[in-house]
Number of protein chains: 2
Amino acid sequence: MHLLLKKITEKITINPSLESKIQTHFTRIDTKKSEQLLSANQTAKYLYYIEKGALHNYYYHEGKQVSSWFYLEDQLITSWYSFYSQEPSFENIECLEDCTLYRISYSDYQLLIDEFPAFGNFARLLSEEMTAVLDYFSKSWSFLSAKEKYIMLDEYFPKIELRVKLGYIASFLGISQETLSRIRAGK
Amino acid sequence: MHLLLKKITEKITINPSLESKIQTHFTRIDTKKSEQLLSANQTAKYLYYIEKGALHNYYYHEGKQVSSWFYLEDQLITSWYSFYSQEPSFENIECLEDCTLYRISYSDYQLLIDEFPAFGNFARLLSEEMTAVLDYFSKSWSFLSAKEKYIMLDEYFPKIELRVKLGYIASFLGISQETLSRIRAGK
DNA sequence: AAGATCTTTTGATCTATATCAAAAAATTAT
DNA sequence: ATAATTTTTTGATATAGATCAAAAGATCTT
């Protein structure tokens, strides 16, 4: 919980009353590798803070799993489209390792926003940051070759190759597993 | 100005005092086709509301212009990455037609957010909507063929083919102009 | 209206990466 | 440890879409 509070105070100042409400509304959950936190067609009910572990969201394309993003320690994860719009998600959220998470429900999130302008600012800054990341990412990656994408990977997800299997990374990069294998072999 | 106020009241309730501040801080500008509102390496100072006209943001890749998004009537446009982070932009903003715009500066935007919680909510909902659009878009487009992308275009930018030249659309879709020409000819 | 310039189309060829198939290596279970 | 399963690598072949070049069609300019 301490790390989550620290994460929030990077963006806003928290008074004691808000701090205690955050402690009430975020609840800790411990998960095992390959546990699924959200399935496609469900509406994302929770926003999660990752204290420990790694997760990804993925969807199916022609029967195959495609990783759409990886999330590591000290990050917030949900299906952004679904959480913000409260429409059914097109993607799944899955733990890639055993995780320690803190989650808040959509309704409690709205409650904190209504009650604490500072928390509203946190929520705004969080989605502004997400917009900026997605904006920058989608534009800077679209013209890269398979090899260039692989080289860029570490800037977004440090050491991810050591934590998740090749097929997930290849699907994230939008290339086949065989091509990624050949790139790694330097061919 | 009436249409801008209507746009904002889709998301929040405006009291008279906020209304008058919005009228003060958004200023009308009329631009000509091919006028440039932002250049790469500048930091985005303004957020624009489009009352009339069409714009795009674009960047250069290997010497060629690449459109990264199109914006039409009743939408808000800026370089999201740059406006939110106040870091230099990697893209340009250009008018594709003569436009009627209303713009607010970054500092006035922050001022309205600080002074009016309702406006803070507007700003939050706007970036949540941008996050949702970018999230959904980047995932749903990445595995489409050139032809499928062209078919999807109209859902995002109705009738855009009638308003901007082929090369811009091809660059947005990430395909060559020749390929798009062949797709249109049904080959 | 004629010429100049810009935009789109068509044809021929090339290439990065996909796909299919099978071997090798690594991991997990008994 | 050995077998079973999963993951990664390697080889051979196919293909969507790129690139290059030039013709055709539009749109501006004087």
Side-chain angles (χ1 to χ4, degrees), chain A residues 32-36 53-54 56 58-68 70 94-98 140-154 157 159-187, chain B residues 32-36 54 56 58-68 70 92 94-98 140-154 157 159-187:
Chain A
K32 287 284 166 200
K33 181 174 176 174
S34 86
E35 207 166 301
Q36 184 113 342
H56 71 336
Y58 70 93
Y59 57 96
Y60 285 94
H61 176 75
E62 292 175 357
K64 282 188 205 154
Q65 264 187 236
V66 178
S67 294
S68 39
F70 300 107
E94 184 190 41
C95 300
L96 297 168
E97 301 172 350
D98 298 353
S140 58
W141 282 58
S142 49
F143 279 88
L144 300 180
S145 69
K147 185 168 190 173
E148 290 168 326
K149 283 180 193 168
Y150 180 64
I151 292 168
M152 288 288 285
L153 189 73
D154 250 52
F157 312 109
K159 301 256 185 288
I160 192 78
E161 332 82 79
L162 306 175
R163 297 172 74 170
V164 316
K165 62 189 184 194
L166 194 72
Y168 288 170
I169 291 174
S171 75
F172 173 76
L173 298 175
I175 63 181
S176 72
Q177 169 160 292
E178 294 91 330
T179 295
L180 181 52
S181 175
R182 281 183 253 261
I183 287 169
R184 288 214 299 191
K187 288 173 191 159
Chain B
K32 287 284 166 200
K33 181 173 175 173
S34 85
E35 206 166 302
Q36 184 114 342
H56 71 336
Y58 70 92
Y59 58 96
Y60 285 94
H61 175 75
E62 292 175 355
K64 282 189 204 153
Q65 264 187 235
V66 177
S67 293
S68 40
F70 300 107
N92 309 269
E94 184 190 42
C95 300
L96 297 168
E97 300 173 350
D98 297 354
S140 59
W141 282 58
S142 50
F143 279 89
L144 300 179
S145 69
K147 185 168 190 174
E148 289 168 326
K149 283 180 192 167
Y150 180 64
I151 292 167
M152 288 290 283
L153 188 74
D154 250 52
F157 312 109
K159 301 257 186 287
I160 191 79
E161 331 82 79
L162 306 175
R163 297 172 74 169
V164 316
K165 62 189 185 193
L166 195 72
Y168 288 171
I169 291 175
S171 75
F172 173 76
L173 298 175
I175 63 182
S176 72
Q177 169 160 292
E178 294 92 328
T179 295
L180 180 52
S181 175
R182 281 182 253 261
I183 287 169
R184 288 214 299 192
K187 287 172 191 162

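Residue numbers start from 1 in every chain, and the chains themselves are labelled A, B, ... in the order their sequence lines are given, proteins ahead of strands. Remember, predicted model here, so these are calculated numbers, not experimental data. For the numbers below, each heavy atom of this structure counts, side chains included, while hydrogens, waters and symmetry mates do not.
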State the OH-OG distance between A:Tyr59 and B:Ser142, to the nearest 0.5 angstrom.
-> 3.5 Å
Whole-Å distance between D:dT7 P and A:Gln65 CD?
-> 10 Å
Separation between OH (B:Tyr168) and CG (B:Leu180), nearest 0.5 Å, reads 14.5 Å
Whole angstrom is fine here: how far is it from NZ in B:Lys149 over to P in D:dA16?
-> 15 Å
Got a sec, which residues hit side-chain hydrogen bond (donor to acceptor under 3.5 Å, both in side chains) with A:Ser140, two or more places apart in sequence or on another chain?
-> none
When every nucleotide of nucleotides 16-24 of chain C is labelled 5' to 3' by its protein contacts under 4.0 Å (heavy atoms), B for base, S for sugar-phosphate only, - for none, what sequence of letters results?
-> -SSBB----
Is a side-chain donor or acceptor of B:Ser67 paired with a backbone partner of B:Ser171 at a separation under 3.5 angstrom?
-> no
Give, for atom CZ of A:Phe172 and atom CD1 of A:Ile160, the distance between the pair rounded to the nearest 0.5 Å.
-> 9.0 Å
Just distance, no hydrogens or angles: give the donor-acceptor pairs under 3.5 Å from side chains in residues 144-151 of chain A, sequence neighbours left out.
from	atom 1	to	atom 2	distance (Å)
A:Ser145	OG	A:Glu148	N	3.3
A:Ser145	OG	A:Glu148	OE1	3.3
A:Glu148	OE1	A:Ser145	N	2.8
A:Lys149	NZ	A:Leu173	O	3.3

Just report the end-to-end axis angle for the helix from C:dA1-D:dT30 to C:dT30-D:dA1, five pairs per end, to 10 degrees.
-> 50°
Output for pair (A:Ile169 CD1, A:Ser181 OG), nearest 0.5 Å, gives 12.0 Å
Residues that B:Ser176 engages under side-chain hydrogen bond (donor to acceptor under 3.5 Å, both in side chains), provided they are two or more places apart = B:Thr179
Between the protein and nucleotides 25-30 of chain C, which nitrogen or oxygen pairs are less than 3.5 angstrom apart?
none

Between C1' of C:dT9 and CD of B:Glu161, the distance in whole Å | 17 Å
Geometric class of the A:Phe70/A:His56 ring pair [parallel <30°, tilted 30-60°, perpendicular >60°] = parallel
Please state how far atom OH in B:Tyr168 lies from atom C1' in C:dT7, giving the value in whole angstrom units.
-> 11 Å
Rounded to the Å, how far apart are B:Leu166 CG and D:dG25 P?
-> 16 Å
Just how far, in rounded Å, is P of D:dA18 from CG of B:Leu173?
-> 10 Å
The salt bridge (Lys or Arg N to Asp or Glu O under 4.0 Å) partner of A:Glu97 among A:Lys165, A:Lys32, A:Arg163 is A:Arg163
Has the side chain of B:Gln177 got a donor or acceptor atom that lies under 3.5 Å from a matching backbone atom of B:Gly167?
-> yes
State which of D:dT8, C:dT9, C:dT10 makes the closest approach to the side chain of A:Lys165.
-> D:dT8
Report the distance from atom CG of B:Leu162 to atom P of C:dT8, rounded to the nearest whole Å.
-> 12 Å
